[in-house]
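One structure is given below, encoded as structure tokens.
Not measured: the values here are computed from a predicted model. In listed order, ligands and their atoms are each counted from 1.
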Amino acid sequence: MTPKTLPFTKQQIETIIDRHPTPFHLYDEKAIRENARAFNKAFSWNDGFREFFAVKAAPNPYLMKILKAEGFGADCSSLAELILAEKTGITGESIMFSSNDTPAEEFRLARKLGAIINLDDIGHIRYLEECAGLPDLICFRYNPGPLKKGNVIIGHPEDAKYGFTREQLFEGYRICRDKGVRRFGLHTMVASNELDGDYFVETAQILFELVVQISHALNIRFEFINIGGGIGIPYRPEQNRIDLEAMNHGIRKKYESIIVKNGMAPVKLYTECGRCITGPYGYLVSKVLHIKDTYKQFAGLDACMANLMRPALYGAYHHITVMGKEKAPHNVMYDVTGSLCENNDKFAIDRMLPRLEPGDILVIHDAGAHGYAMGFNYNGKLRSAELLLRKDGSVLPIRRAETVDDYFTTLDFAGLKTFQG
Ligand SMILES: *Cc1c(COP(=O)(O)O)cnc(C)c1O
């Protein structure tokens with residue numbers, strides 16, 4: 001069980017809404033920091049452990065700066081994400097560049113920033129060498145294929161576009177070793193939103209064994225092992241969060257029986273989680289615009305899937321709290337919708353909620369990762385603002401909402417006047 005709580009009262013959120021119209025995403029700084037500290041503590045048995053926050057989950061430099069202060073690096077996979085890291089003051093080996101199908105200019109910027117480069121394909125060794133030169137530290141992404149079961153979001157590893165096969169890893173490290181690369185890392189990422197801690201123990205074991213085998217075969221030493229992201233969060237109240245202490249107990253035992261026993265220690269452990277770092281601490285705050293009673297009851301919000309796409313994309317559950325009606329009987333079944341001309345623009349289907357009226361404030365939970373970030377402009381919908389609820393209870397806008405002018409900036413209306421249609 002994971003109780004769905006809020007870091008604000010109805011009165012507090014009304015005061016915030018007076019100054020910042022809905023919809024918006026609100027992030028809880030205090031909870032993000034506490035969670036980051038607990039995360040670091042759980043892995044602290046490993047000397048040199050580091051979490052590289054997956055920027056794609058919440059690409060806001062204010063959030064990144066908070067996480068930097070807690071000791072995290074940044075996991076980037078595009079030009080814009082690299083620039084965000086740079087602007088936040090995260091450079092050098094505090095950046096993990098885990099991209100795929102990578103354009104040359106991204107490799108060039110990653111090299112310029114001194115990022116750790118994590119290659120997705122054996123062919124990229126040559127590509128990187130030609131466009132930006134080989135660094136002296138290189139990491140490869142492993143795809144275990146049929147050796148490991150995937151999960152729903154990522155799918156079967158052998159169908160996934162990511163990573164090297166096992167044979168390609170041996171070949172790739174050999175090529176790099178022979179070209180003078182001296183520092184090595186190994187990475188994998190085979191799960192997303194996984195709530196079983198044993199899954200990560202098993203992933204660590206696979207990587208530990210591989211490191212022993214590759215080190216012996218090629219006479220190289222591994223500096224780090226990146227077990228990826230994918231630690232899940234309990235979106236549903238009846239789910240439990242991963243016990244990070246217990247998971248680390250399992251990983252540590254494998255580390256001792258495989259890495260230490262084979263004389264490979266010390267090897268630094270890295271993670272690149274996004275979801276479990278900010279997900280539970282971000283809320284999409286919205287108001288009911290219309291109630292509609294046809295074959296079903298619909299509650300239409302002023303937010304839509306442009307603000308949070310997960311329910312429409314994956315059928316994902318996001319808990320909803322109706323402010324001021326928390327204790328009222330949840331005896332009306334609603335589809336909670338947005339205004340896109342797409343019938344799957346629904347935050348919830350057949351959800352039991354208290355009776356709703358226009359103006360009710362609805363808070364959608366667990367929107368702090370892969371929430372705002374997945375926003376888009378289809379149907380001319382605009383992305384919402386992002387607010388930071390600070391430790392002292394004050395509110396700092398950390399991104400303004402888009403305006404229609406933002407939406408039109410890539411169009412040339414002056415040119416249209418003289419354009420002969
Ligand atoms: C998406 C992604 C992550 C973060 O995943 P979460 O599920 O948010 O933890 C980390 N690494 C890579 C390579 C990714 O693509």
> Yes or no on salt bridge (charged side-chain N to carboxylate O under 4.0 Å, His left out) for Lys381 and Asp345, after CA distance, side-chain angles and deciding distance?
Replying inline: CA-CA 12 Å; Lys381 295 298 170 186; Asp345 183 16; over 6 Å; no
>> Distance under 4.0 Å to a non-hydrogen atom of Cys273: what atoms of ligand 1 satisfy this?
In response: 9 (O)
> So between Ser77, Gly230, Cys276, Ala58, whose heavy atom ends up nearest atom 7 (O) of ligand 1?
Replying inline: Gly230
> Do any heavy atoms of Ala369 fall under 4.0 Å from ligand 1?
Replying inline: no
>> Between Asn60 (side chain only) and Ile398 (backbone N and O only), is there a donor and an acceptor less than 3.5 Å apart?
In response: yes
>> At less than 4.0 angstrom from any non-hydrogen atom of Gly229, what atoms of ligand 1 do you find?
In response: 9 (O)
> Are any of the N/O atoms in Ser98 less than 3.5 Å from those in ligand 1?
Replying inline: no
> Where on Arg275 is there a heavy atom closer than 4.0 Å to ligand 1, on the side chain, on the backbone, on both, or on neither?
Replying inline: both
> Which atoms of ligand 1 sit under 4.0 Å from any heavy atom of His370?
Replying inline: 6 (P), 8 (O)
> Can Gly228 be said to touch ligand 1, with heavy atoms closer than 4.0 Å?
Replying inline: no
> What class does the angle between the rings of Tyr127 and His124 fall in, given that below 30° is parallel, 30 to 60° is tilted and above 60° is perpendicular?
Replying inline: tilted
>> For atom 12 (C) of ligand 1, what is the closest protein heavy atom, and at what distance to 0.1 Å?
In response: Glu272 OE2, 3.5 Å
> Would you say the side chain of Val267 lies within less than 4.5 Å of the side chain of Phe208, judging by non-hydrogen atoms?
Replying inline: no
>> Is it the case that the side chain of Ser286 and the backbone of Pro23 share a donor-acceptor pair, with hydrogens and angles ignored and the cut-off at 3.5 Å?
In response: no
>> Looking at Gln11, I want to see if its CD is surrounded by more than 12 non-hydrogen atoms of other residues, nucleotides or ligands under 6.0 Å.
In response: no
>> Polar contacts were defined as any N/O atom of the residue lying under 3.5 Å from an N/O atom of the ligand; does this apply to Asn193 and ligand 1?
In response: no
> How far is atom 4 (C) of ligand 1 from its nearest protein heavy atom, and which residue and atom name does that atom have?
Replying inline: Ala54 CB, 3.4 Å
>> Quick one: does any side-chain atom of Asp121 pair with a main-chain N or O of Gly123 as donor and acceptor, under 3.5 Å?
In response: yes
> Hey, are the side chains of Pro311 and Lys346 touching, using non-hydrogen atoms and a 4.5 Å cut-off?
Replying inline: no
> Does a side-chain heavy-atom distance below 4.5 Å link Phe72 with Asn40?
Replying inline: yes
> Hey, which atoms in ligand 1 end up nearer than 4.0 Å to a heavy atom of Ser192?
Replying inline: 7 (O)
>> Classify the ring geometry of Phe140 against Phe164: parallel below 30°, tilted from 30° to 60°, perpendicular beyond 60°.
In response: parallel
>> Can you confirm, on distance only, whether ligand 1 has an N/O atom lying under 3.5 Å from any N/O atom belonging to Met189?
In response: no
> So which of Met96, Lys56, Glu194, Arg141 gets nearest to atom 2 (C) of ligand 1, if we judge by its closest heavy atom?
Replying inline: Lys56
> Just which atoms of ligand 1 are under 4.0 Å from any heavy atom in Asp75?
Replying inline: 10 (C), 11 (N), 12 (C)
